[in-house]
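Notes follow once the structure below has been shown.
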Amino acid sequence: MTVTIIGSQLGDEGKGGTVDLYGEGADVVVRYQGGDNAGHTVVVGDETYELSLLPSGVVRGKTCVIGNGCVVNPETLFDELDALRERGLDPDVRVAERAHVIFPYHRRLDGIEEEDKDEEVGTTGRGIGPTYEDKAGRRGIRVGDLLDEEVLRTRLEYVVPQKRAVVAEVYDKQAGEELDLATLFETYSGYGERLAEEGMTVNCGDYLQSRIDDGDEVLLEGAQGTLIDIDHGNYPFVTSSNPTAGGACTGTGLGPTEIGQGEIVGIVKGYATRVGSGPLPTELAGVEGDTPGYEGSEAQRASDHEAAQPLSDAGEREEELATYIRDEGGEYGTVTGRPRRVGWLDLPVLRHATRASGFTGVVVGHIDVLAGLDEVQVGVSYDLDGTEIDTVPPTTEEWGRCSVNYRTFDGWPEVDWDAVASEGYDALPENARAYLEFVESELDTQLYAVGVGPGRDQTIVLENPTT
Ligand code: GDP
Ligand code: IMO
Ligand code: MG
């Protein structure tokens with residue numbers, strides 16, 4: 001059996017925590033897409049682990065695999081491994097030979113292109129997009145290539161002059177050490193040696209299938225959220241891979257039947273957050289007529305600017321509310337430290353995610369963060385150009401034009417969440433249960449767990465698919 005964990009919103013839903021929770025019953029934990037742009041948090045007692053590349057199963061000492069659908073920065077890989085070893089863990093990490101390698105020139109190009117664009121995406125700057133571009137352009141260098149000096153040299157000799165030309169001739173910039181062939185060869189063949197010495201590389205699909213055939217439980221960890229999926233997200237404000245369930249097949253080499261016969265668990269934060277640019281219809285923005293962070297086209301920006309009003313009382317209240325939720329929930333980027341934009345839970349987003357990945361269950365977290373508010377709102381549908389719709393429209397411009405229809409719930413009080421977590425579901429405040437049951441019935445899926453704090457023990461588990 002496999003269990004796949006998927007972010008149902010815009011990232012930072014609490015995927016790392018759920019992988020750690022359900023990881024107890026797993027034998028292997030696999031990442032299937034993304035790279036060191038992720039920021040997954042695992043909290044165990046007083047210890048907090050922030051993982052950008054390694055699967056969150058490392059904290060429990062599970063065998064971890066970085067799948068072929070990932071892009072791997074070897075420097076981050078070894079830094080994270082060394083840091084965990086220094087903290088007393090003994091990570092067992094394998095890397096797919098088919099995974100693509102992030103080089104310093106990818107990071108440079110990520111930065112240059114963001115600067116150059118009118119509508120910057122607000123990337124993490126880790127070179128993710130340019131590495132996937134090279135993969136699709138058939139000029140990428142894969143983990144397996146690092147193990148063979150001849151192959152590595154040949155591939156670098158082809159690609160480095162091209163990238164130098166792009167930097168100099170397209171962007172009129174000076175290439176630096178990130179495009180020095182000799183340095184790149186020396187550093188990356190060194191990474192190849194270390195991968196070989198530590199016996200870290202695997203033929204991912206074969207390896208995972210043989211573990212499954214031996215009766216082992218495989219947990220798959222999506223790195224980003226559905227709304228920043230390159231196909232199902234709000235293009236172009238997306239990452240360059242597929243966090244949705246299809247990515248779990250292509251990103252590991254396990255067949256769709258293998259993934260589909262297992263469980264697919266959507267992770268839901270009890271409200272909405274977003275880092276980077278793009279629409280966030282339920283955003284608690286504080287400025288009427290404006291959508292901060294969504295740059296849109298130049299015309300859109302001009303009309304937004306004209307429509308923007310000084311903060312009214314309602315706007316000020318929204319801003320206070322956003323600040324309250326941001327601070328209570330610690331909504332600052334794990335990788336970049338950027339404050340996250342905050343809004344109400346958005347059901348059209350969750351319906352879209354539930355369909356795109358076929359969730360068999362959902363985990364809804366951050367219920368403690370919303371405690372103490374008089375009322376809590378949920379976006380239940382959108383109005384798009386005069387028509388009511390209940391899911392996310394296909395273009396980002398349309399999504400940006402959606403206004404939201406809300407349903408208001410009575411708030412719930414701050415309680416002793418540790419006690420609630422140990423007593424179970426019925427110990428949750430009544431209004432919180434009403435909120436959760438509404439979400440569950442609207443998505444027509446089962447509530448598998450409820451998060452009431454960041455810690456491993458601060459979750460009420462109703463279903464554990466790995467046991
Ligand atoms: P990921 O990227 O999906 O793994 O999520 P992040 O780790 O970026 O962000 C989730 C944040 O919320 C982390 O700081 C978690 O420790 C924290 N967290 C997860 N679940 C809960 C919860 O139920 N309540 C609270 N208060 N924090 C939570
Ligand atoms: P976790 O794993 C939230 C966003 C970036 C940017 C867009 C593209 O913590 O959920 P990229 O560097 O991937 O090319 O940036 O995607 N983004 C994330 N937002 N959480 C993440 O990861 C993200 N990873 C990328 O902010 O808008
Ligand atoms: Mg995160």
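Whatever order the structure lists them in is the order used to number ligands and atoms, beginning at 1.
- Within the 4.0 Å heavy-atom cutoff, H40 counts among the residues contacting ligand 2.
- No option in K15, R31, H40 other than H40 meets the side-chain hydrogen bond (donor to acceptor under 3.5 Å, both in side chains) test with E221.
- Residue contacts with ligand 1, taken as heavy atom pairs separated by less than 4.0 Å, involve R340 solely via side-chain atoms from C-beta onward.
- Residues satisfying the side chain to side chain donor-acceptor pair (under 3.5 Å) criterion with Q377, sequence neighbours excluded, are T408.
- Aromatic rings from Y188 and Y191 are positioned such that their centres are separated by under 6.0 Å.
- Minimum-distance N/O/S atom of D12 relative to the Mg ion (ligand 3): OD1.
- Considering backbone and side-chain N/O of N37, one or more are found under 3.5 Å from N/O of ligand 2.
- Checked against a 6.0 Å centroid threshold, the rings of Y132 and H100 do not count as neighbours.
- Taking 4.0 Å as the cut-off, R274 does not count as a neighbour of ligand 2 on heavy-atom distance.
- Residue T123 has no N or O atom closer than 3.5 Å to an N or O atom of ligand 2.
- Where the criterion is an N or O separation shorter than 3.5 Å, residue side chain and backbone included, G329 fails it with respect to ligand 1.
- Summarising the local packing, CD of Q446 is surrounded by more than 12 heavy atoms from other residues, nucleotides or ligands at distances under 6.0 Å.
- At a 3.5 angstrom cut-off on N or O pairs, A223 counts as close to ligand 2.
- Heavy-atom proximity to G39, at under 4.0 Å, picks out these atoms of ligand 2: 1 (P), 2 (O), 9 (O).
- The side-chain tip of R407 points at the ring of F438 from less than 6.0 angstrom away and within 45° of straight on.
- Residue contacts with ligand 2 leave out G225, since none of its heavy atoms falls under 4.0 Å from the ligand.
- Contacts with ligand 2 closer than 4.0 Å are made by side-chain heavy atoms of K15 only, the backbone lying farther away.
- If you look at V275 next to ligand 2, the close heavy atoms, those under 4.0 Å, come from the backbone and the side chain alike.
- Because the distance cut-off is set at 2.8 Å, G16 fails to qualify as a neighbour of the Mg ion (ligand 3), as none of its N, O or S atoms comes that close.
- Heavy-atom separations between G453 and ligand 1 include at least one value shorter than 4.0 Å.
- Contact between G39 and ligand 1 is present, with at least one heavy atom of the residue lying under 4.0 Å from the ligand.
- Comparing heavy-atom distances from atom 17 (C) of ligand 1 across R456, H366, E50, K269 singles out H366 as nearest.
- For a threshold of 3.5 Å applied to N or O pairs, the pair formed by I128 and ligand 2 contains no separation below that value.
- The distance criterion of under 3.5 Å between nitrogen or oxygen atoms is not met by D110 with respect to ligand 2.
- Atom CZ of R326 sits about 10.5 Å away from atom CG of L321, to the nearest 0.5 Å.
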- [ ] Decide yes or no on side chain to side chain donor-acceptor pair (under 3.5 Å) for T131 and H106, but give the supporting numbers first.
- [x] CA-CA 6 Å; T131 307; H106 293 122; 3.3 Å; yes
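- Here L179 pairs with Y105, V160, K163, R164, V167, A175 under the side-chain contact (heavy atoms from CB on, under 4.5 Å) rule; sequence neighbours left out.
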